[in-house]
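In this text, all values refer to a predicted model and were calculated from it rather than measured experimentally. Residue numbering restarts at 1 for every chain, and letters A, B, ... go by the order of the sequence lines.
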There are 2 protein chains.
Amino acid sequence: MNSLAEENYLKALFTLAAKNNGEVSVNDLSRHLDIKMPTVNSMMKKLTTKKLVYYESYKPLKLTEKGKKEAALIIRKHRLTEMYLVEKMNFGWEQVHEIAEQIEHIKSPEFFAKMDELLGYPQIDPHGSPIPDKNGKMIWKEYKKLSECTKGSLVKIAAVINTSNDFLKFLNEKEIHLGLKMKIKSIEPFDKSVIVSYPKHASETLSPTVSERLLVEKV
Amino acid sequence: MNSLAEENYLKALFTLAAKNNGEVSVNDLSRHLDIKMPTVNSMMKKLTTKKLVYYESYKPLKLTEKGKKEAALIIRKHRLTEMYLVEKMNFGWEQVHEIAEQIEHIKSPEFFAKMDELLGYPQIDPHGSPIPDKNGKMIWKEYKKLSECTKGSLVKIAAVINTSNDFLKFLNEKEIHLGLKMKIKSIEPFDKSVIVSYPKHASETLSPTVSERLLVEKV
DNA sequence: CTAATATGTTAGATTTATCTAACAATTATA
DNA sequence: TATAATTGTTAGATAAATCTAACATATTAG
Ligand SMILES: [Mn+2]
Ligand SMILES: [Mn+2]
Ligand SMILES: [Mn+2]
Ligand SMILES: [Mn+2]
């Protein structure tokens, strides 16, 4: 059984690896978790003896297959929890991450199985991220960034990335949510702002900071 | 902020104190928590510096007012969780204690406030124990043990005490649950077994082991 | 009332997860 | 390529929560 600390390292390794083809540096982990490098270094040695991480001095860190699976199962619990909090407890999508960060460590397969069942076996979390299955398999659909779409296209919001509290609250104010269909009216040539329209909002200008964080699918 | 370990000691102190007019011994705590006496001893010193426990060498342990309140608030979270698991997630009353033992330590006032709201501000948990209010105030209604009732009386099951898994499963088999009304048909003079009747059960014999663990109110 | 038993305390060790300081290797820059 | 900056490692310290062994006090029984 992994400790709470070990679980957080596994999750961080998994998340950071996704951004850098499977390889993570001690420094990345250190900054991501706000834990000093020597601490990370010794934890990596420990996870290596547990066959969860592959580590050699001065080389990039990699999760083993076992490590990947265990990490994915924690992410599964995190995302199921977020979905449960939004769907069954009426929390806003900007409120659930902190709570899920704690509940993901609860040791009770029955508890998460029940959430899964009550939610009808959801495939995505409230931010559009895929929920890994019971074997730790996770599939990202092929979404496109809103910033990469062309004028005139009709798109549907599928996921948000870099889901900070402030960003989600901004989206709430603009009434932008998953599933929302919007039309791209034009793209400002100067700064690449995207001008869109959607129900109750005839014209909204979204800066690149925003449009790069919105993943969409074509309608 | 108290650690998980500290919270479990506070809760144990509160629970054991209820059985012994506010005083708890190091030995009681040690056995209850399955933690050796020297460990308990040093934790009591720590909780004393935090003004949660009143401790003097060789004297019984007592929670301070602050300690009592903090303990009651953890018990509040435990019981709200149990109620939520039974009412909203369809767990059996014998399944919820272990999960609540973990969730009671979640740091999120909003999470428990939401449970409370969704449950309609319940006063008791699934075993009939009172849920302390937001100020840590808890009131036990004046129930009587089934074993103390007289022949011919009509009673309603109000709470169960010493709620072990096996006992709750036994009650499930006998279809005995909170709110059930039963009539005391007779009391066996030899061993004080109570013979009762209730819907679908014309005659059930309950041993003292059982009838002493069932709290009832008169109908 | 003494002796045995039970309960409580002190001292010191261990495990886990963290840190700082010092040093070493790698990578980037001039 | 030599030097500087960044990244990584080692060594040793610290805090929390636990333990065992030894000793001290209190309670119980004869
Ligand atoms: Mn999250
Ligand atoms: Mn976490
Ligand atoms: Mn319980
Ligand atoms: Mn607990």
Side-chain angles (χ1 to χ4, degrees), chain A residues 1-13 16-17 19-63 67 70-71 74 101-102 104-107, chain B residues 1-13 16-17 19-63 67 70-71 74 101-102 104-107:
Chain A
M1 191 61 63
N2 303 313
S3 69
L4 188 149
E6 288 166 345
E7 289 192 348
N8 284 334
Y9 280 94
L10 287 175
K11 201 154 63 92
L13 279 162
L16 293 172
K19 293 173 189 163
N20 192 33
N21 45 273
E23 300 192 342
V24 181
S25 71
V26 171
N27 204 237
D28 290 341
L29 255 188
S30 171
R31 276 184 280 104
H32 184 82
L33 292 170
D34 193 23
I35 288 172
K36 296 287 179 292
M37 283 204 291
T39 309
V40 172
N41 182 278
S42 47
M43 182 59 92
M44 290 308 103
K45 288 177 183 171
K46 190 208 243 189
L47 294 181
T48 297
T49 70
K50 294 181 85 170
K51 307 277 188 203
L52 295 165
V53 166
Y54 183 69
Y55 159 84
E56 282 182 298
S57 273
Y58 297 103
K59 298 244 176 81
L61 301 163
K62 285 185 200 176
L63 283 170
E70 298 198 10
I74 301 160
E101 201 60 46
Q102 297 178 66
E104 69 190 2
H105 305 290
I106 298 290
K107 306 300 192 227
Chain B
M1 189 62 60
N2 303 314
S3 69
L4 189 149
E6 288 166 346
E7 289 193 347
N8 284 334
Y9 280 93
L10 288 174
K11 202 155 62 94
L13 279 162
L16 292 172
K19 292 173 190 165
N20 193 32
N21 43 274
E23 301 191 342
V24 180
S25 71
V26 171
N27 205 238
D28 290 341
L29 255 188
S30 171
R31 275 184 282 105
H32 184 82
L33 292 169
D34 194 22
I35 287 173
K36 296 287 179 290
M37 284 204 289
T39 308
V40 171
N41 182 277
S42 47
M43 182 59 92
M44 290 308 103
K45 289 177 183 169
K46 190 208 247 188
L47 293 181
T48 297
T49 70
K50 294 182 83 170
K51 308 277 188 205
L52 294 165
V53 165
Y54 183 68
Y55 159 84
E56 282 182 298
S57 274
Y58 297 103
K59 298 242 177 83
L61 301 163
K62 284 185 201 176
L63 282 170
E70 298 199 9
I74 301 160
E101 201 60 46
Q102 299 177 64
E104 68 190 2
H105 305 292
I106 298 290
K107 306 302 193 227

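- Across the protein-nucleic acid pair, B:N2 atom CG and D:dA16 atom C1' stand 14 Å apart, rounded to whole Å.
- Counting heavy atoms from C-beta on, the side chains of B:E104 and B:K11 come closer than 4.5 Å.
- Between A:E56 atom CD and D:dT9 atom C1' there is a gap of 15 Å when expressed in whole angstrom units.
- A distance of 10.0 Å separates CD of B:E70 from CG of B:L63, quoted to the nearest 0.5 Å.
- Applying a 4.0 Å cut-off to non-hydrogen atoms, none of the residues of residues 46-53 of chain B approaches DNA chain C.
- One interatomic measurement links the two molecules: CE of A:M44 to C1' of D:dG8, which rounds to 13 Å at whole-angstrom precision.
- Residue contacts for A:K45: at a heavy-atom cut-off of 4.0 Å it reaches the sugar-phosphate backbone alone, with no base atom in range.
- Remark: A:I35, A:K36, A:P38, A:T39, A:S42, A:M43 in residues 35-43 of chain A come within less than 4.0 Å of DNA chain C through at least one heavy atom.
- Atoms OH (B:Y55) and C1' (C:dG8) sit 8 Å apart, rounded to a whole Å.
- Side chains of A:Y9 and A:L52 form no contact here, defined as non-hydrogen atoms less than 4.5 Å apart.
- Between A:Y9 and the phosphate of C:dT18, there is a side-chain N or O to OP1/OP2 separation shorter than 4.0 Å.
- By the side chain to side chain donor-acceptor pair (under 3.5 Å) test, A:K19 pairs with no residue at all, sequence neighbours left out.
- Atom-to-atom, CG of B:D34 to C1' of D:dC19 comes out at 12 Å; the value is rounded to the nearest Å.
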Please list every donor-acceptor pair under 3.5 Å in which a side-chain atom of residues 36-49 of chain B meets a protein atom from a residue at least two apart or in another chain.
| unit_1 | atom_1 | unit_2 | atom_2 | d |
| --- | --- | --- | --- | --- |
| B:N41 | ND2 | B:Y55 | OH | 3.4 |
| B:S42 | OG | B:P38 | O | 3.2 |
| B:S42 | OG | B:T39 | O | 3.2 |
| B:K46 | NZ | B:E6 | OE2 | 3.1 |
| B:T48 | OG1 | B:M44 | O | 2.7 |
| B:T48 | OG1 | B:V53 | O | 3.4 |
| B:T49 | OG1 | B:K46 | O | 2.7 |

Protein and nucleotides 23-27 of chain C: nitrogen or oxygen contacts under 3.5 angstrom:
| unit_1 | atom_1 | unit_2 | atom_2 | d |
| --- | --- | --- | --- | --- |
| C:dA25 | O4' | A:Y58 | OH | 3.2 |

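- Taking atom CG on B:N8 and atom P on D:dA16, their separation rounds to 17 Å, with Å as the unit.
- Of the residues in residues 20-32 of chain B, none lies under 4.0 Å from DNA chain D by heavy-atom distance.
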Apply salt bridge (Lys or Arg N to Asp or Glu O under 4.0 Å) to A:R31 and A:D34, showing your working.
-> CA-CA 5 Å; A:R31 276 184 280 104; A:D34 193 23; over 6 Å; no
